Participant: 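Before anything else, here's the structure in question.
Just so we're on the same page: letters track the sequence lines, and every chain starts at 1. Owing to the predicted nature of the structure, the values given are computational and were not obtained by experimental measurement. Below, all heavy atoms of this structure are taken into account, side chains as well, without hydrogens, waters or symmetry copies.
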Amino acid sequence: MFNKRIKIKELLAQEPTGQEVTVMGWVRTFRNNQFIALNDGSTNNNLQVVAGLGKFDDELLKRITTSASLKVTGAIVPSLGKGQKMDMNATSIEILGDSDAEKYPLQPKKHSLEFLREIAHLRFRTNTFGSVFRVRHSLAFAIHKFFNDKGFVYMHTPIITASDAEGAGEMFRVTTLPFDEKNEKTPRNEDGSINFKEDFFGRATNLTVSGQLEGELGATAFGEIYTFGPTFRAENSNTARHLAEFWMIEPEMAFCDLEDNANLAEEFIKYLIQYAMNNNREDLEFLAQRLSDEEKQLPQDKRSEMGLMEKLEFVLTNNFERLTYTEAIDILKESNHNKKKKFQYEITGWGMDLQSEHERFLVEKHFKKPVILTNYPAAIKSFYMRLNEDGKTVAAMDILAPGIGEIVGGSQREERLDKLEDRMKEMNIPAEELWWYMDTRRFGTVPHAGFGLGFERMVQFVTGMTNIRDVIAFPRTPKSAEF
RNA sequence: UCCCCUUUAGCUCAGUUGGUUAGAGCAUCUGACUGUUAAUCAGAGGGUCGUUGGUUCAAGUCCAACAGGGGGAGCCA
């Protein structure tokens, strides 16, 4: 019986010719004791249900409150009012679930994003979050489509990992060892350290911070793989662009160098934007409007130069700017911004790590478009990145997006066993723990490369949401895991 | 973790140099109206001023600590 309903998005695309249909959804507002704005989540547009005067009991009408769920049947006719092309003249209204108006926290008015974060379980029922999460869904779908169409194998890398050598950040421990206040039940070695042999896996384990190392195992068999799954970082990060639990896409390609890698990343990002623009135009236009309304409250110099749609269009039609770390340092050094000493962190010269103000200057002020920075000094990058011929830089790449910062981090991997071992020794990475990783270099090693794209940062970029906590359903951040 | 800002009704916010009974809009409730568009009109209810301590004759207002939220930085995707 329930599958007889028509979704409001589909209905609104039809012409009103008196057809009798059934819809189900939640009440957004009930105006004039007669007009129900009904929403079923398929689109932000509501169906106006008209409850003709005198046709329904007062007792029933009283129960039509904000967010009550209804099953409504009636004829679809051209609207007599101005705001919509069709009305449903209700012949039957059934209340599926009441919603106590005195207790329901959402009102038909603008709410702050901060307040909505505190009621994250209900915020999907707002237009903003409806749009954000429909776009998020589309992007997730497009990721699989992009890689599937290219013949990549979708690989599920483990969530629980025994290696703590990945070096990508602090990890969450996974254990079944007893935890009591005095630690009396915790198994100990003779020297007092915790005996992990007694733990579930017989060793210390953690939540993954990256699927890359396992991804490389797949790439050196299937040729091209990608992962798309949750990732965990136990960093005490309190920013609008970090989460303790987030989703990451990590393609890994054999027979691939840094340039191929950068080409793929750029194509990938553009594909995702194009997909959302083709499939979520209505939601993006709503979000663009929201963003522009929001920015009207900011001082002139803090507003974006482009609207959301223009920005996405611009990224699609322009090549990402590609330059080396060394070139970037030169640009920063020679900039008027630097000469006027406007950087908080001084440009000390080659070898320094770029601060986010430097990255933002390059992306938002100098080039005004996404930038692919390559070939960083080896000393500031990870052990697995391929050492360049100059002996001092590695084949790394970061893609920096306006307003978001680093959206992609990747590299060509060090496929030469001796060079990899040297590098691990230098950086105190225990090669023996990663024996399985080293085996790819021992048996048929091959030039290969890959990158990680932060999914939530991508969703932020496409939706224009400025806080990463507003593009994931239930954000996990330090001191916060309510829902 | 560091720096800055902030916390007053369900929500968004006023609240003067410390001084009677802490206000507004929206929401809610009651009634009216009935082709409305965040409906409108009239009325009503609704507050431990984040928590604890201090200064003072007197604290929403000043001070301190703690907690929550926001912005920026670091770590990174």
Participant: Could you tell me whether A/Phe115 atom CZ has more than 12 heavy atoms of other residues or ligands within 6.0 Å of it?
Facilitator: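 For A/Phe115, atom CZ is crowded (more than 12 foreign heavy atoms under 6.0 Å).
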
Participant: Short question: side chain of A/Arg123, backbone of A/Arg117 - any donor-acceptor pair under 3.5 Å?
Facilitator: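 Answer holds: no.
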
Participant: Would you indicate whether A/Lys145, at its atom NZ, is surrounded by more than 12 heavy atoms from other residues, nucleotides or ligands within a distance under 6.0 Å?
Facilitator: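 Incorrect, the count does not exceed 12.
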
Participant: Taking atom C1' of B/A77 as reference, at what distance in whole Å does atom CD1 of A/Ile269 sit?
Facilitator: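 These atoms are roughly 11 Å apart.
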
Participant: Determine whether a donor-acceptor pair (N or O, by modelled atom type, separation under 3.5 Å) exists between the side chain of A/Thr91 and the backbone of A/Thr73.
Facilitator: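 Yes; at least one donor-acceptor contact below 3.5 Å.
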
Participant: In whole Å, what is the span from the CZ atom of A/Phe268 to the C1' atom of B/A77?
Facilitator: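 Taking atom C1' of B/A77 as the reference, CZ of A/Phe268 is at 13 Å.
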
Participant: So what does A/Phe115 hit on the nucleic acid, given a heavy-atom distance under 4.0 Å: a base, only sugar-phosphate, or nothing?
Facilitator: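 Sugar-phosphate contact only - A/Phe115 comes under 4.0 Å of backbone atoms but never of a base.
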
Participant: Please confirm whether any donor atom in the side chain of A/Gln107 sits under 3.5 Å from an acceptor in the base of B/G10, or the reverse.
Facilitator: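 Between B/G10 and A/Gln107, which were checked side chain against base, a qualifying N/O pair under 3.5 Å is present.
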
Participant: With respect to A/Met465, which candidate in A/Val135, A/Val459, A/Leu291, A/Thr128 satisfies the side-chain contact (heavy atoms from CB on, under 4.5 Å) definition?
Facilitator: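 Exactly one pass, corresponding to A/Thr128.
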
Participant: Say you pick atom P in B/C11 and the same atom in B/U17; how far apart are they, in whole Å?
Facilitator: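 Straight-line distance between the two P atoms is 28 Å.
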
Participant: To the nearest Å, how far apart are A/Tyr376 OH and B/C76 C1'?
Facilitator: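 So the OH-C1' distance, A/Tyr376 to B/C76, works out to 12 Å.
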
Participant: Taking the nucleotide of RNA chain B with the nearest heavy atom to each, does A/Ser237 or A/Ala101 sit closer to the 5' end?
Facilitator: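 The answer here is A/Ala101.
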
Participant: In the structure I gave you, are the side-chain heavy atoms of A/Pro370 and A/Val315 within less than 4.5 Å of one another anywhere?
Facilitator: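 The answer is yes; the side chains approach within 4.5 Å.
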
Participant: Check whether any side-chain heavy atom of A/Asp100 lies under 4.5 Å from a side-chain heavy atom of A/Tyr104, and answer yes or no.
Facilitator: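 No, side chains not in contact.
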
Participant: Does any part of the side chain of A/Ser67, heavy atoms only, come nearer than 4.5 Å to the side chain of A/Arg125, both counted from C-beta?
Facilitator: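 A/Arg125 vs A/Ser67: side chains touch.
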
Participant: Where the side chain of A/Glu102 is concerned, which of B/C11, B/G74, B/C29 is the nearest nucleotide?
Facilitator: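 Selected nucleotide: B/C29.
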
Participant: Distance check, P atoms only: B/C41 and B/A27, in whole angstrom units.
Facilitator: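 Per the computed distance, 10 Å lies between those P atoms.
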
Participant: Without swapping roles, check the side chain of A/Glu406 against the backbone of A/Leu400 for a donor-acceptor pair under 3.5 Å.
Facilitator: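 No.
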
Participant: Report yes if at least one side-chain N or O of A/Arg469 is closer than 4.0 Å to OP1 or OP2 of B/G70; otherwise report no.
Facilitator: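 Yes, within the criterion.
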
Participant: Heavy atoms only, 4.0 Å cut-off, all strands: where does A/Leu243 land among base, sugar-phosphate and nothing?
Facilitator: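 A/Leu243: base contact, heavy atoms under 4.0 Å.
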
Participant: Using atom CG of A/Asn238 as one end and atom C1' of B/C76 as the other, report the distance to the nearest whole Å.
Facilitator: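 It is 14 Å, rounded to the nearest whole Å.
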
Participant: What integer number of Å spans the P atoms of B/G45 and B/U36?
Facilitator: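 The answer is 32 Å between these two P atoms.
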
Participant: Any side-chain heavy-atom pair from A/Val471 and A/Phe455 closer than 4.5 angstrom?
Facilitator: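 No; the side chains remain at least 4.5 Å from each other.
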
Participant: Provide the distance between the two C1' atoms, one in B/C26 and one in B/A38, to the nearest whole Å.
Facilitator: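 The same atom, C1', in both gives a distance of 9 Å.
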
Participant: Taking the P atom in each of B/G70 and B/A77, what is the distance between them to the nearest angstrom?
Facilitator: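 Each nucleotide's P atom is 23 Å from the other's.
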
Participant: Once you round it to whole Å, what is the distance between C1' of B/G70 and NE2 of A/His111?
Facilitator: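 From A/His111 NE2 to B/G70 C1': 19 Å.
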
Participant: In whole Å, what separates the C1' atom of B/G72 from that of B/C63?
Facilitator: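 Taking atom C1' in both B/G72 and B/C63, they lie 27 Å apart.
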
Participant: Side chains of A/Ile64 and A/Ile95: closer than 4.5 Å at any heavy-atom pair?
Facilitator: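 A side-chain contact under 4.5 Å exists here.
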
Participant: Determine the Euclidean distance between corresponding C1' atoms of B/C13 and B/G69; express it in Å to zero decimal places.
Facilitator: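 So the two C1' atoms sit 16 Å from each other.
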
Participant: Which string of ( ) [ ] | and . matches RNA chain B, if you list each base 5' to 3' and count Watson-Crick or G-U pairs only when both distances are under 3.5 Å?
Facilitator: (((((((..((((.....[...)))).(((((.......))))).....(((((..]....))))))))))))....

Participant: Taking the six-membered ring of A/Phe314, is NZ or CZ of A/Lys368 closer than 6.0 Å to its centre and within 45° of its axis?
Facilitator: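 Cation-pi check for A/Lys368 and A/Phe314: fails.
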
Participant: How many Å lie between OH on A/Tyr104 and P on B/C11, as a whole number?
Facilitator: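 Rounding to the nearest Å, OH of A/Tyr104 and P of B/C11 are 14 Å apart.
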
Participant: Using OP1 and OP2 only, check whether a side-chain N or O of A/Ser356 sits under 4.0 Å from B/G74.
Facilitator: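 Result: yes.
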
Participant: Taking CD from A/Glu235 and C1' from B/C2, how many angstroms apart are they, rounded to a whole number?
Facilitator: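 Taking CD of A/Glu235 and C1' of B/C2, I get 15 Å after rounding.
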
Participant: Between B/G74, B/G68, B/G70, which one does the side chain of A/Arg117 approach most closely?
Facilitator: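 Closest nucleotide to the A/Arg117 side chain: B/G70.
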
Participant: Quick one, A/Phe232 and A/Phe246 - any side-chain contact, counting heavy atoms below 4.5 Å?
Facilitator: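 No, every pair of side-chain atoms sits at 4.5 Å or beyond.
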
Participant: Less than 4.0 angstrom between a side-chain N/O of A/Gln355 and OP1 or OP2 of B/G74, yes or no?
Facilitator: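 It does, given that an N or O in the side chain of A/Gln355 lies less than 4.0 Å from OP1 or OP2 of B/G74.
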
Participant: Which nucleotide in the list B/A73, B/G68, B/A77 gets nearest to the side chain of A/Arg241?
Facilitator: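 Of the options given, the side chain of A/Arg241 lies nearest B/A73.
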
Participant: Could you identify which residues of residues 123-136 of chain A place a heavy atom less than 4.0 Å from some atom of RNA chain B, listed by residue number, or say none?
Facilitator: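 Of all residues in residues 123-136 of chain A, none places a heavy atom under 4.0 Å from RNA chain B.
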
Participant: Quickly work out the A/Lys103 NZ to B/A27 P distance and round it to whole Å.
Facilitator: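 After rounding, the gap between these two atoms is 21 Å.
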
Participant: Taking the P atom of each, how far is B/G53 from B/U61, in whole Å?
Facilitator: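 Each nucleotide's P atom is 14 Å from the other's.
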
Participant: Hey, does A/Ser112 reach any base, or is it just sugar-phosphate, or nothing, if we go heavy atoms under 4.0 Å?
Facilitator: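 Here A/Ser112 touches the backbone only, sparing every base.
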
Participant: With a 3.5 Å distance limit and no angle check, can you tell me whether A/Glu414 reaches the backbone of A/Leu387 through a side-chain donor-acceptor pair?
Facilitator: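 Yes; at least one donor-acceptor contact below 3.5 Å.
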
Participant: Side chain of A/Asn467: nearest nucleotide among B/A77, B/G71, B/U28?
Facilitator: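 Closest of the options to the side chain of A/Asn467: B/G71.
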
Participant: Would you say whether A/Phe455 stacks on B/A77? The test is a distance between ring centres of less than 5.5 Å and an angle between planes of less than 30°.
Facilitator: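 A/Phe455 vs B/A77: stacking no.
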
Participant: How does protein contact run along nucleotides 30-43 of chain B, one letter per nucleotide 5' to 3', with B for base contact, S for sugar-phosphate only, - for none, heavy atoms under 4.0 Å?
Facilitator: ----BBBBBB----

